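A short write-up of the structure that comes next.
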Amino acid sequence: MKKLGRNDLCHCGSGIKYKRCCLEKDERTINGKVIPFPGMGASSLKPQLEVDQLRQMINDKLTWMEWGADEHRELAESLFPQICREHDLKEESELFKVFSMLMVWNNFSKEVNPNYRKPGGYASALEYMTVSLLEIQTTKSDLAKKHEVSVATLTKYNGHIQDFMDGVALPDESLTSEDEEQDSAQ
C-alpha cells in the first residue's frame, strides 16, 4: 500500500490536499487515541472540519462518485443539497448524517441500479430516511405530497433501500415503476 504524501488528496475524500485536511489530526493520534499535546485545550482535540468544508465535500463527492446511471446522480445532486438548505443544517454531526445517506444512495444505485421514470419515489424515501436520521419531525404524507407521489410509493421505495441496507436481496420486478404509473394517474 502506497504511503500517503503531504500533497496527495486526503484519505477522507474531501478533495483537499492531505497537509491541509487530516495530516495534523492523524499526527495527533496513535492507534485511534488522540494524544493531547502540552498547551492544547480540550476543544482543540475536536476535529476542526468547518461546516462549509463539509457542505462542499458533499457537493464535491457528488461530482466524482461512480453512479449506476445519470438519473441516480441527478437525483442526489438535487436532493441532498436541498435537504441541507431547507433544514438549515450547520452542525458537523447533521452534515455527516446527510453524507452517510448520500453514500447509501450511491451504493444502492450502483448495486441495485433501480429503474424509475420519475425520481419522486426514491427522492421522497431518501428524504424521509434522512430527516428521520436527523430526528426532524415530518410525516410521510408531507414528503409524499412534496415529491408528488403517494404514501404507498414512498413506503415501498423506503423498504427497498432499507432491505438493501439490511443485506436483503431484492427481486428485479420489485424495482419497477408501477407505483409511478399509479401516481401519474392521480
Side-chain angles (χ1 to χ4, degrees), residues 8-18 20-22 25 46-151 153-165 175 177 179-180 183-184:
D8 292 336
L9 291 180
C10 189
H11 58 78
C12 74
S14 66
I16 301 171
K17 287 185 178 183
Y18 180 54
R20 300 202 183 269
C21 193
C22 293
K25 181 180 77 172
K46 186 177 176 193
Q48 297 299 310
L49 186 59
E50 293 291 324
V51 172
D52 291 337
Q53 273 183 302
L54 190 52
R55 283 187 180 172
Q56 188 60 44
M57 187 171 82
I58 291 171
N59 289 329
D60 291 346
K61 190 85 169 161
L62 285 168
T63 59
W64 60 265
M65 285 178 153
E66 290 182 31
W67 292 92
D70 285 341
E71 59 265 18
H72 303 152
R73 178 186 45 77
E74 290 166 1
L75 186 150
E77 286 176 342
S78 66
L79 179 67
F80 292 103
Q82 170 210 335
I83 291 171
C84 290
R85 282 190 310 273
E86 282 182 7
H87 299 287
D88 196 29
L89 303 180
K90 293 183 176 152
E91 298 289 323
E92 284 180 33
S93 61
E94 295 171 331
L95 294 168
F96 274 119
K97 288 175 183 177
V98 173
F99 186 74
S100 68
M101 286 307 302
L102 168 64
M103 297 304 296
V104 166
W105 174 243
N106 179 257
N107 290 328
F108 179 80
S109 73
K110 285 190 298 190
E111 291 186 33
V112 176
N113 196 20
N115 275 332
Y116 53 87
R117 286 183 292 132
K118 296 187 325 182
Y122 281 111
S124 62
L126 286 164
E127 184 166 357
Y128 180 73
M129 294 172 79
T130 304
V131 297
S132 296
L133 188 62
L134 292 165
E135 299 177 358
I136 295 171
Q137 297 298 315
T138 191
T139 64
K140 285 184 177 180
S141 179
D142 290 340
L143 292 175
K145 187 174 184 178
K146 174 182 174 182
H147 292 281
E148 299 176 347
V149 296
S150 68
V151 173
T153 297
L154 184 158
T155 302
K156 178 181 176 180
Y157 286 22
N158 182 63
H160 291 170
I161 298 168
Q162 287 289 345
D163 287 347
F164 172 77
M165 291 170 58
L175 298 176
S177 57
D179 288 329
E180 290 177 357
D183 289 332
S184 298

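The structure presented is a predicted model; accordingly, all values stated were derived computationally and were not measured.
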Would you indicate whether the side-chain heavy atoms of [Y] and [X] approach each other to under 4.5 Å?
| X | Y | value |
| --- | --- | --- |
| Pro114 | His72 | yes |
| Asn107 | Phe164 | yes |
| Val112 | His160 | no |
| Phe80 | Thr130 | yes |
| Val131 | Leu143 | yes |
| Met129 | Asn158 | yes |

Polar side-chain atom of Ser124 near backbone of Gly120 as donor-acceptor pair, under 3.5 Å: yes
Could you work out, with side chain to side chain contact (heavy atoms under 4.5 Å, CB included) as the rule, every residue matching Ser132, not counting sequence neighbours? Tyr128
If I compare all heavy atoms of [X] with all of [Y], which pair ends up nearest, and what's the gap?
| X | Y | answer |
| --- | --- | --- |
| Val98 | Cys84 | CG1-SG, 4.0 Å |
| Ala123 | Leu75 | N-CD1, 3.9 Å |
| Leu133 | Met101 | CD2-CG, 4.0 Å |
| Pro81 | Ala76 | CD-O, 3.5 Å |

Gap between atom [atom2] of [Y] and atom [atom1] of [X] - 0.5 Å precision:
| X | Y | atom1 | atom2 | result |
| --- | --- | --- | --- | --- |
| Lys145 | Ser150 | NZ | OG | 14.0 Å |
| Glu71 | Asn115 | CD | CG | 7.5 Å |
| Ile83 | Leu102 | CD1 | CG | 10.0 Å |
| Leu134 | Glu91 | CG | CD | 11.5 Å |
| His87 | Ile136 | NE2 | CD1 | 4.5 Å |

Does anything in residues 95-105 pair up under salt bridge (charged side-chain N to carboxylate O under 4.0 Å, His left out), and if so which pairs, sequence neighbours excluded? none
Which residue pairs satisfy the salt bridge (charged side-chain N to carboxylate O under 4.0 Å, His left out) criterion with at least one member in residues 126-136, sequence neighbours excluded? Glu127-Lys146
Aromatic plane relationship, Phe96 with Phe99 - under 30° parallel, 30 to 60° tilted, over 60° perpendicular: perpendicular
Tell me if the centroids of the rings in Phe108 and Tyr122 come within less than 6.0 Å of each other. yes
Check the pair Val104 / Gln162 against side chain to side chain contact (heavy atoms under 4.5 Å, CB included), numbers first and verdict last. CA-CA 10 Å; Val104 166; Gln162 287 289 345; over 6 Å; no
Between Asn106 and Ser109, is any side-chain donor less than 3.5 angstrom from a side-chain acceptor? no
So Thr139 and Asp142, side chain to side chain donor-acceptor pair (under 3.5 Å) or not? Walk me through it. CA-CA 5 Å; Thr139 64; Asp142 290 340; 3.1 Å; yes
When you look at NZ of Lys110, are more than 12 heavy atoms from neighbouring residues, nucleotides or ligands closer to it than 6.0 Å? yes
